[in-house]
Amino acid sequence: MKIGIPRAFLYYKYHYLWETFFEELGIEFIVSPETNKDILNRGMTYAIDESCLSSKIYLGHVEWLIGKCDYILIPTISNYASSGTVCTKFQAIYDVVKNTFRDKDIKLINYNIDVKNSDFEVKAFLKMGRFLGKKNASCMRSYLIAKQAEKTARVMDEKYQEQLLDEKKIKILLISHSYNIYDKYIGAPIIDYLHDMDVIPIIGDLANKKEAIYNSFEISETLPWTYNRELVGSIVLYKNRVDGIILLSSFPCGPDSLVNEIIIRRVKDKPILNLILDGQEGTAGIETRLESFLDIINFKKDDYSGKI
Amino acid sequence: MGKYKVSFPHLGSYFVPLEILFTEGLDVEYIMPPTITKRTLELGSRYSPDYVCAPFKYTLGNFIETIEAGANTLVQTGGGCRLDYYGELQGQIIKDLDYNVRFVNLVKTKSSLLITLYNGFKEINPDMSLKKIAKILPVALKMVEYMDTFEDYIRKNAGFEKHPGALKEIHHEFLNELRTVRTKKELNNTYQRYMKRVKGVEVEKPKNPLKVGIIGEYYTIMEPFSNHYIERELAQMGIVVDRWMNVSNSIIHNSKNKMKEHIKNYAEYNMGATSMATINKALEFAKKNYDGIIHVKSSGCTPEIDTMPVLQNISADYKIPVLYFSFDSQTSDIGIQTRLEAFYDMIMMRKEAKN
Ligand code: SF4
Ligand code: SF4
């Protein structure tokens with residue numbers, strides 16, 4: 001038995017949890033490779049034209065896994081109760097995959113999180129474990145170990161970022177969904193470019209989630225989506241320790257189309273660059289925009305310190 | 001009266017019951033939102049983020065038009081999907097434009113529907129009387145239902161009038177008279193009278209006319225300007241137009257469980273907003289051997305985009321053609337016309353081949 005995990009979307013939020021859980025249960029799994037041109041092209045072939053770039057990439061990864069495993073893991077999320085809902089894509093994606101690849105020999109394994117209706121994460125994992133023929137007790141044990149691993153990893157990430165925030169170099173806060181910022185195709189070129197320019201990228205998604213949600217209300221009261229709320233909250237947490245903010249979205253992201261506009265209208269004391277990627281343009285145009293953004297920041301910094 | 005001049009964005013003909021609810025129930029002046037036109041869309045697009053869905057642009061544009069028409073209190077609701085965040089951003093945009101108006105966002109309060117409405121009403125008019133609202137609310141709701149039934153009849157018959165335009169005219173008079181209605185009794189009388197009139201209009205329907213079902217996203221399907229008057233176009237081609245989506249069906253007669261059961265072979269989860277109804281009706285139209293289905297949405301509408309792989313499968317399984325329209329501020333009338341005509345030719349040929 002082998003599980004296939006698409007390296008896209010929720011993978012970037014949950015891979016510590018998934019990988020440890022399957023390892024502990026002794027279940028073999030395979031993760032699709034980093035996004036490349038080929039995967040993106042496959043995704044574009046299968047996806048409805050107008051879908052967001054991130055979901056096209058997702059379908060590309062799913063397609064890559066077909067024939068290489070027994071079940072492909074496609075979890076769905078409805079809501080996190082009081083901390084909000086998610087983009088409807090995360091509820092729809094299971095049926096989108098099922099319908100898109102109906103004619104291929106494809107078997108899916110799914111769990112759903114719907115906290116409002118008490119479908120909690122632990123319940124979902126136990127169910128998944130049972131589906132894979134494992135005993136409840138060992139599923140529970142594996143889940144708890146995985147949860148611990150996830151927690152440790154998150155704390156380490158957060159700590160590491162704290163160190164970066166204390167460095168004296170120019171720092172740019174990247175506000176972007178984890179599956180975009182960590183994607184080889186969408187986010188990585190931006191991060192690489194910043195490194196090349198001797199700028200430290202600070203990842204909004206690494207902020208402590210609870211604190212971020214709590215602080216997000218300072219910027220927006222009625223924002224319905226948890227993931228966007230976490231990112232907005234990270235602006236409040238990090239803003240005073242960075243020199244500028246980049247909003248990085250995939251075209252045409254529904255939630256980001258509104259949330260970015262709120263951020264631009266309400267966060268006035270830092271330069272903000274709004275980058276929207278559709279997977280078509282080359283990197284040249286983006287580099288030009290990044291370059292002039294960094295120029296502005298450098299100029300401001302010199303200005304404040306009295307240097308010319 | 002007079003202090004609060006309230007308005008709500010235009011959607012189809014629903015300004016009529018809203019006017020009654022606001023003036024009679026909330027004791028405020030109601031500013032009729034100007035009809036949606038090209039200018040509405042232009043205004044809205046100018047101040048909206050680029051790739052936001054079209055209903056955001058329309059309602060923002062319409063807010064600005066109602067301010068120009070004298071409104072000083074704007075009301076926006078939620079409704080799942082991005083709509084839940086429209087209010088806060090539109091309020092901010094209008095504030096940044098330096099308009100001095102109150103913006104009442106009904107999404108603010110995260111409580112039950114009734115409490116949310118109560119708080120919203122209270123914000124619209126702090127002196128409102130619950131008694132008055134309790135009196136007029138049932139009338140307004142029933143009116144919505146009657147209007148929807150009335151329009152449903154028109155959609156199914158407008159293509160076959162002996163004297164084209166007769167139904168539209170009666171519809172117009174019907175709406176005008178509804179504006180004067182204040183009690184259930186008056187409402188019932190008016191409705192019955194007009195229903196009789198409209199049924200008296202001579203239609204020459206062939207025995208087996210072309211039938212097309214329309215499905216899709218809430219705003220685009222209900223606001224005729226935003227779908228380029230597609231129903232009118234279809235009627236002119238002599239097609240029976242069937243559309244389930246309207247306010248009374250989606251709010252009052254909406255059984256999610258039934259839909260879920262019906263569509264379970266195609267979709268297990270709710271893809272958000274109008275997606276379930278879209279799939280549910282597509283399947284029903286397919287099973288009932290309709291000649292075609294037309295899917296309409298704003299471009300970039302995630303829930304409706306996600307229904308499309310499902311619709312493609314339904315189309316393949318039941319051999320029913322589906323025409324997909326995605327509207328944005330760039331969509332041209334001519335392009336739509338051409339695609340509609342090609343669709344018409346195709347379903348016509350299929351029908352002839354079958355007979
Ligand atoms: S949040 Fe945006 S990028 Fe993510 S799935 Fe939804 S539309 Fe796509
Ligand atoms: S249903 Fe579609 S058009 Fe309506 S708010 Fe959601 S994305 Fe926009």
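Throughout, a chain's letter reflects where its sequence line sits, starting with A, and its residues are numbered from 1. Hydrogens, waters and symmetry mates play no part in the numbers below; they use all other heavy atoms, side chains included.
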Exercise for the section: Sort B/K297 into side chain, backbone, both or neither according to what part of it lies under 4.5 angstrom from a heavy atom of chain A. Expected result: side chain
Fill in the blank from the handout: Applying a strict 4.5 Å limit to non-hydrogen atoms, the region of A/S51 in contact with chain B is both
Completion exercise
Note: vs chain B, highest number of non-hydrogen pairs under 4.5 angstrom among A/T100, A/N112, A/D49 is A/N112
Handout entry: Side chain / backbone / both / neither for A/N274 at chain B, heavy atoms under 4.5 Å
Key = neither
Practice task
Identify which part of A/N260 has an atom lying under 4.5 Å from any heavy atom of chain B, answering side chain, backbone, both or neither.
Solution key: side chain
Handout entry: For chain A, the option from B/G272, B/S48, B/C53, B/P309 that forms the most heavy-atom pairs under 4.5 Å
Key = B/P309
Problem - Between B/A267, B/C301, B/S326, the one whose heavy-atom pairs under 4.5 Å with chain A are most numerous - result: B/A267
Problem - Backbone of B/D50 reached by a side-chain donor or acceptor of B/K57 within 3.5 Å - result: yes
Exercise for the section: Determine, for B/K288 against B/E284, whether the closest basic-nitrogen to carboxylate-oxygen distance falls under 4.0 angstrom. Expected result: yes
Exercise for the section: From the options A/N228, A/I175, A/L231, A/I263, select the one residue that forms a side chain to side chain contact (heavy atoms under 4.5 Å, CB included) with A/D256. Expected result: A/N228
Handout entry: ring pair (Phe, Tyr, Trp, His ring centres under 6.0 Å) between B/F285 and B/Y318, worked out
Key = CA-CA 10 Å; B/F285 292 143; B/Y318 290 86; over 10 Å; no
Exercise for the section: For each of A/N110, A/D103, A/I264, tally heavy-atom pairs with chain B at distances under 4.5 Å, and name the one with the top tally. Expected result: A/N110
Handout entry: Portion of A/S78 that has a non-hydrogen atom of chain B nearer than 4.5 angstrom
Key = neither
Exercise for the section: Using only heavy-atom distances, determine whether the side chains of A/Y227 and A/Y80 contain a donor-acceptor pair under 3.5 Å. Expected result: yes
Completion exercise
Note: vs chain B, highest number of non-hydrogen pairs under 4.5 angstrom among A/C253, A/P255, A/S55 is A/C253
Handout entry: Ring-face cation contact, B/Y324 with B/R339, 6.0 Å cut, 45° max
Key = no
Practice task
Answer yes or no: is there an ion pair linking B/R46 with B/E42, defined by an N-O contact shorter than 4.0 Å?
Solution key: no
